[in-house]
*Asks:* 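Quick one: structure below, then a few questions.
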Number of protein chains: 2
Amino acid sequence: MARVGLTTERLVRAGADLADEAGFDQVTASALARRFDVKVASLYSHVKSSHDLKTRIALLALEELAELLAGALAGRAGKDALTAYANVYRDYAQEHPGRYAAAQLRLDPETAAASAGGRHADMARAILRGYDLAEPDHTAAVRLLGSVVHGYVSLEMGGGFSHSAPDTQETWSRILDALDALLRNWPA
Amino acid sequence: MARVGLTTERLVRAGADLADEAGFDQVTASALARRFDVKVASLYSHVKSSHDLKTRIALLALEELAELLAGALAGRAGKDALTAYANVYRDYAQEHPGRYAAAQLRLDPETAAASAGGRHADMARAILRGYDLAEPDHTAAVRLLGSVVHGYVSLEMGGGFSHSAPDTQETWSRILDALDALLRNWPA
DNA sequence: GTAGTTTGCCTAAATATTTTAGGCAGCGTA
DNA sequence: TACGCTGCCTAAAATATTTAGGCAAACTAC
């Protein structure tokens, strides 16, 4: 009985890869066991349940995204920062669709509080420092920013834009231009 | 053997109700069979597969939304129309979270083409008639509108906004104000 | 009203996933 | 080398998906 060397870490990472290749909903304990050529029950020493596994993949994705965001935003401000922020999400979703889908998993409050999700919000607020908005417009702007980016990325991923004429890169640029203009010129 | 009177129609509608009550991912053939007090295999005379059932629920939700949109937009223009449009989605997601989740299901191209999804896009384009945008800004604006609404609604549903200060109704209004301002003043 | 056809819902059965319980052997440690 | 820990195993129960084939209820026609 050769030991494969399973670890929670390795399982989660392999689960994330599987999600990217086959879709987040294809991430099951059985599929993962097959991938490691191991019996399903063996996973349960490293992961509490199938839901636990999915949650850990979500946390990994949130962590990776936060890392990328921090890197992309360092030294940038204004529209430069805005573009970098938005592109981190879009590029990540393109390269890691399964991980991105995992990041949308609804977490229970305690888990969410301990996740990297808070850093995402911090990052969005940091960008808006380059614009001149006081509360409560500030919060509205943060939420608008998050909504546009998440909404666009998920509609694009879901094929919602496939039929109309201009390519999505073109409209994406224009939308970022428009967002920048809006933030510089927020209505009273 | 009393006949219950199953129909594809009744199954889909009950599935949609179940989705609203328990979540779209709880919609399974077995759960639905329990609800009708019928053996699982009996459903397969009315529905090709579990996936077929989910697809039909998605189509129902898209249809209902298109209906609501048409009603809400009739006789409105400009910001009035914009607000009505956005609120249809938000209110629908609030009242029918399972149906709204179903509407996000990725459909294969032919199914999507035959769905009410096209009418959604038409509706969005109709709203922008009240503003003055030429291609390719027009398409960008349509996609921005869809992204904001879908993004905001799904982040709000997912609890992404629960911790910050202003209530979501407040920021929602401000975001619609900002969107209106942006559309009236789209950057060159 | 009865005979014949359709079909709705059934039983039976194969396959897949999730999860728990308990056992054996490999690995590090004393 | 002997001990203990624990990684991966077998076994088994519960639930979900799907197909095949059967019986009886409901519609159609005379």
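Note on naming: letters A, B, ... go to the chains in the order of the sequence lines (proteins, then strands), and numbering restarts at 1 for each one. Computed over heavy atoms, backbone and side chain alike; hydrogens, waters and symmetry mates excluded.
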*Asks:* Between atom CG in L53(A) and atom P in dT19(C), what is the gap in whole Å?
*Replies:*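 After rounding, the reported distance stands at 10 Å.
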*Asks:* Between the side chain of T7(B) and the main-chain N/O of R10(B), is any donor-acceptor distance below 3.5 Å?
*Replies:*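 Absent.
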*Asks:* If you compare every side-chain N and O of R10(B) against the phosphate oxygens of dG8(C) (OP1, OP2), does one of them come in below 4.0 Å?
*Replies:*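 Looking at the OP1 and OP2 atoms of dG8(C), neither is under 4.0 Å from any side-chain N or O of R10(B).
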*Asks:* Verify the ring-centre separation between H96(A) and Y92(A): is it less than 6.0 angstrom?
*Replies:*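 For Y92(A) and H96(A), the ring centres are under 6.0 Å apart.
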*Asks:* Nearest-Å distance, OH (Y44(B)) to C1' (dG21(D))?
*Replies:*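 Rounded to whole Å, this separation is 17 Å.
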*Asks:* For L43(B) and dA16(D), give me the distance from atom CG to atom P, rounded to whole Å.
*Replies:*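 Between P of dA16(D) and CG of L43(B): 12 Å.
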*Asks:* Of the candidate nucleotides dT18(C), dT17(C), dA16(D), which contains the atom at the shortest distance from the side chain of S30(B)?
*Replies:*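 Within the option list, the nearest is dA16(D).
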*Asks:* Should we count CZ of R35(A) as having more than 12 external heavy atoms under 6.0 Å?
*Replies:*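 Above 12, so yes.
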*Asks:* Just call it for S50(B): base, sugar-phosphate, or nothing, with non-hydrogen atoms closer than 4.0 Å on any strand.
*Replies:*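 Sugar-phosphate, backbone atoms only, no base.
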*Asks:* Just compare dT10(D), dC10(C), dT17(C) and give me whichever is closest to any side-chain atom of T28(A).
*Replies:*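 Selected nucleotide (nearest to the side chain): dT17(C).
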*Asks:* What's the CG-C1' distance between L32(B) and dT18(D), to the nearest Å?
*Replies:*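 In whole Å, dT18(D) C1' and L32(B) CG are 16 Å from each other.
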*Asks:* Can you tell me if S45(A) touches the phosphate of dC8(D), counting only side-chain N or O atoms and a distance under 4.0 Å to OP1 or OP2?
*Replies:*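 Result: no.
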*Asks:* At under 4.0 Å, does any side-chain N or O of H46(B) touch on OP1 or OP2 of dT7(C)?
*Replies:*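 Result: no.
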*Asks:* Measure up the Y89(B) and Y100(B) rings against each other and bin them: parallel (under 30°), tilted (30 to 60°), perpendicular (over 60°).
*Replies:*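 The rings of Y89(B) and Y100(B) stand perpendicular, inter-plane angle above 60°.
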*Asks:* So, is S49(B) close to the dT17(D) phosphate, meaning a side-chain N or O under 4.0 Å from OP1 or OP2?
*Replies:*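 Indeed not, no polar side-chain atom of S49(B) lies that close.
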*Asks:* Counting the atoms with a prime plus P, OP1 and OP2 as sugar-phosphate, which does A31(B) contact under 4.0 Å by heavy atoms, base, sugar-phosphate, or nothing?
*Replies:*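 A31(B): no heavy atom of the nucleic acid under 4.0 Å.
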*Asks:* Can you tell me the distance, in whole Å, between the CD atom of E9(B) and the C1' atom of dG8(C)?
*Replies:*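 The answer, rounded to whole Å, is 18 Å.
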*Asks:* Measuring to OP1 and OP2 of dA16(D), would you say a side-chain N or O of R34(B) lies under 4.0 angstrom away?
*Replies:*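 For dA16(D), OP1 or OP2 has a side-chain N or O of R34(B) closer than 4.0 Å.
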*Asks:* In whole angstrom, give the distance that lies between atom NE2 of H51(B) and atom P of dA16(C).
*Replies:*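 Roughly 20 Å, once rounded to whole Å.
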*Asks:* Taking atom CG as the centre, does D132(B) end up with more than 12 heavy-atom neighbours from other residues, nucleotides or ligands that are less than 6.0 angstrom away?
*Replies:*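 Atom CG in D132(B) is not packed in, count stays at 12 or less.
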*Asks:* What's the closest nucleotide to the V38(B) side chain, out of dC9(C), dT18(D), dT18(C)?
*Replies:*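 That would be dC9(C).
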*Asks:* Can you figure out which of dT10(D), dC8(D), dC10(C) approaches the side chain of K39(A) most closely?
*Replies:*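 Ranking dT10(D), dC8(D), dC10(C) by closest atom to the K39(A) side chain puts dT10(D) first.
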*Asks:* Round to a whole Å and report the spacing from CG of L6(A) to C1' of dC8(D).
*Replies:*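 L6(A) atom CG is separated from dC8(D) atom C1' by 8 Å.
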